[in-house]
2 protein chains.
Amino acid sequence: MTCVSEYSPQLHALGFRTTSQRMTILHVLRHAGGHLSPKQVYDLACREMPSLTEPTIYRTLEFLAENGLVLAAHVGNGKIVYELSNGNHHHLICRNCGRSLEIEHAPLQKLYRQLESSTGYKLDSSHVTFFGLCPGCQ
Amino acid sequence: MTCVSEYSPQLHALGFRTTSQRMTILHVLRHAGGHLSPKQVYDLACREMPSLTEPTIYRTLEFLAENGLVLAAHVGNGKIVYELSNGNHHHLICRNCGRSLEIEHAPLQKLYRQLESSTGYKLDSSHVTFFGLCPGCQ
DNA sequence: TGAACTATTGTAAAAACTTGCAATAAGGAT
DNA sequence: ATCCTTATTGCAAGTTTTTACAATAGTTCA
């Protein structure tokens with residue numbers, strides 16, 4: 001399945017346009033697998049499409065995150081990283097060594113229902129980051 | 001209780017020095033009550049101490065957060081805000097209007113224990129941010 | 001297919017944040 | 001009180017991120 005054939009219909013269904021910039025950025029994220037910082041996305045995407053500019057990278061990543069095509073995760077000091085949103089998972093990050101672990105959404109489900117009923121908010125099950133110390137750093 | 005008499009011993013106990021820059025920044029955060037962005041801290045702190053510089057603000061906020069005197073919270077798009085760390089609470093933020101709600105730590109306690117035993121990590125109970133839609137924006 | 005509409009991108013400049021290094025000043029010892 | 005050590009700050013320059021607006025290029029419709 002190519003990036004275009006997969007993502008173009010999703011964008012179209014939401015009323016947005018398919019552009020080569022968006023396809024390139026999605027392709028880079030898919031190819032990379034894990035998290036990438038905006039800078040990393042920029043560097044990799046420029047290889048495939050040298051005309052890409054920084055504002056486009058930032059705007060597109062934010063746009064894709066808002067529309068659920070990618071996941072924006074907070075990792076450490078106010079830094080934000082992006083990855084393809086394949087399934088719901090969360091992160092647990094060691095604040096000493098920075099090593100991160102993925103957490104399934106399932107164990108959070110009960111808490112989510114509880115918070116939703118007590119606050120009236122409808123929670124995004126998209127992403128939460130927990131910080132702590134990994135076994136090696138304790 | 002003044003800022004100096006409260007925070008100076010805390011810093012000293014951790015082996016750090018009491019400086020007027022740190023006291024000014026803590027004073028600003030205490031006086032403000034809620035979250036402040038680094039820029040807001042800078043603007044307010046400069047009124048009390050015009051010689052303060054931006055690098056000092058950023059470094060000091062990060063330093064204070066690392067040492068538990070202030071809390072660094074992620075609010076929205078990769079932005080980080082700081083507040084005095086009075087008690088453990090978490091945030092629930094509406095991704096549409098940005099309105100935030102504080103959540104007690106208690107309801108998360110069970111989840112924390114569960115995650116700690118399944119991952120081996122020792123979790124900071126300091127801060128987690130949930131995103132969702134508030135009742136008004138749904 | 002071509003024209004029209006407007007979402008999206010590029011440009012240029014500003015604002016926010018970071019880094020390395022030299023100067024300063026807090027805290028301990030004399 | 002003064003000196004010494006070194007943590008902390010300021011400075012200057014760099015990098016990252018944002019903004020406003022004009023130019024471009026998807027998409028729809030005739």
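Heavy atoms only: backbone and side chains are in, while hydrogens, waters and symmetry mates are out. Bear in mind that the values here come from a model prediction, so they are computed numbers and not experimental data. Below, chains carry the letters A, B, ... as their sequence lines are ordered, and counting in each starts from 1.
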Self-check item: Protein-nucleotide distance (B:Leu64, atom CG; D:dT8, atom P), rounded to Å
Solution: 11 Å

Self-check item: Candidate pair A:His89 and A:His105, rule side chain to side chain donor-acceptor pair (under 3.5 Å), full reasoning
Solution: CA-CA 5 Å; A:His89 67 269; A:His105 182 64; over 6 Å; no

Quiz item: Nearest nucleotide by nearest heavy atom, which residue falls closer to the 5' end of DNA chain D, A:Lys39 or A:Arg59?
Solution: A:Lys39

Quiz item: Which one, D:dT9, C:dT9, C:dC5, comes nearest to the side chain of A:Arg17?
Solution: C:dC5

Exercise. Check every strand shown and say whether B:Arg22 touches a base, only sugar-phosphate, or nothing at a heavy-atom separation below 4.0 Å.
Key: sugar-phosphate

Self-check item: Length of the line joining A:Glu62:CD and D:dT18:C1', which is rounded to integer Å
Solution: 10 Å

Quiz item: Could B:Asp43 and B:Lys39 be called an ion pair, given the rule that one side-chain N must be under 4.0 Å from one carboxylate O?
Solution: yes

Self-check item: Least distance between heavy atoms, A:Cys94 atom then B:Tyr121 atom
Solution: N-CE2, 3.8 Å

Exercise. Can you figure out which of C:dC17, D:dT18, C:dG10 approaches the side chain of B:Lys79 most closely?
Key: D:dT18

Quiz item: Can you check the A:Ile57 CD1 to C:dT11 P distance for me, whole Å?
Solution: 14 Å

Quiz item: Could you state the CG-P distance from B:Leu61 to C:dT18, rounded to the nearest angstrom?
Solution: 10 Å

Practice problem: Ignoring backbone atoms, establish whether B:Thr56 has a side-chain N or O less than 4.0 Å from OP1 or OP2 of D:dG10. | Solution: yes

Quiz item: Can you tell me how far C1' of D:dT16 sits from OH of B:Tyr58, to the nearest Å?
Solution: 11 Å

Quiz item: With a non-hydrogen cut-off below 4.0 angstrom, is A:Thr53 in contact with a base, only sugar-phosphate, or nothing?
Solution: base

Quiz item: For D:dT27, does either OP1 or OP2 sit under 4.0 Å from a side-chain N or O belonging to A:Thr18?
Solution: yes

Quiz prompt | Which residue lies more 5' along DNA chain C, comparing B:Gln21 with A:Phe63 via nearest heavy atoms | solution = A:Phe63

Quiz item: Between atom OH in B:Tyr42 and atom P in C:dA15, what is the gap in whole Å?
Solution: 13 Å

Self-check item: Protein-nucleotide distance (A:Met49, atom CE; D:dT24, atom P), rounded to Å
Solution: 14 Å

Quiz item: Relative to the 5' end of DNA chain D, which residue comes earlier, B:Phe16 or B:Pro55, by the nucleotide with the nearest heavy atom?
Solution: B:Phe16

Exercise. Write down the distance between CG (B:Leu11) and P (D:dT6), rounded to a whole number of angstrom.
Key: 20 Å

Quiz item: So, is A:His12 close to the D:dT28 phosphate, meaning a side-chain N or O under 4.0 Å from OP1 or OP2?
Solution: yes

Quiz item: For A:Arg30 and A:Glu6, what are the C-alpha separation, side-chain angles and deciding distance, and is it a salt bridge (Lys or Arg N to Asp or Glu O under 4.0 Å)?
Solution: CA-CA 11 Å; A:Arg30 167 187 273 195; A:Glu6 180 165 0; 2.3 Å; yes

Practice problem: Quick one: pull up CG in A:Leu52 and CG in A:Leu44 and give me the separation to the nearest 0.5 Å. | Solution: 11.5 Å

Quiz item: Within the pair A:Thr19 and C:dT9, is there a side-chain N or O less than 4.0 Å away from OP1 or OP2?
Solution: yes

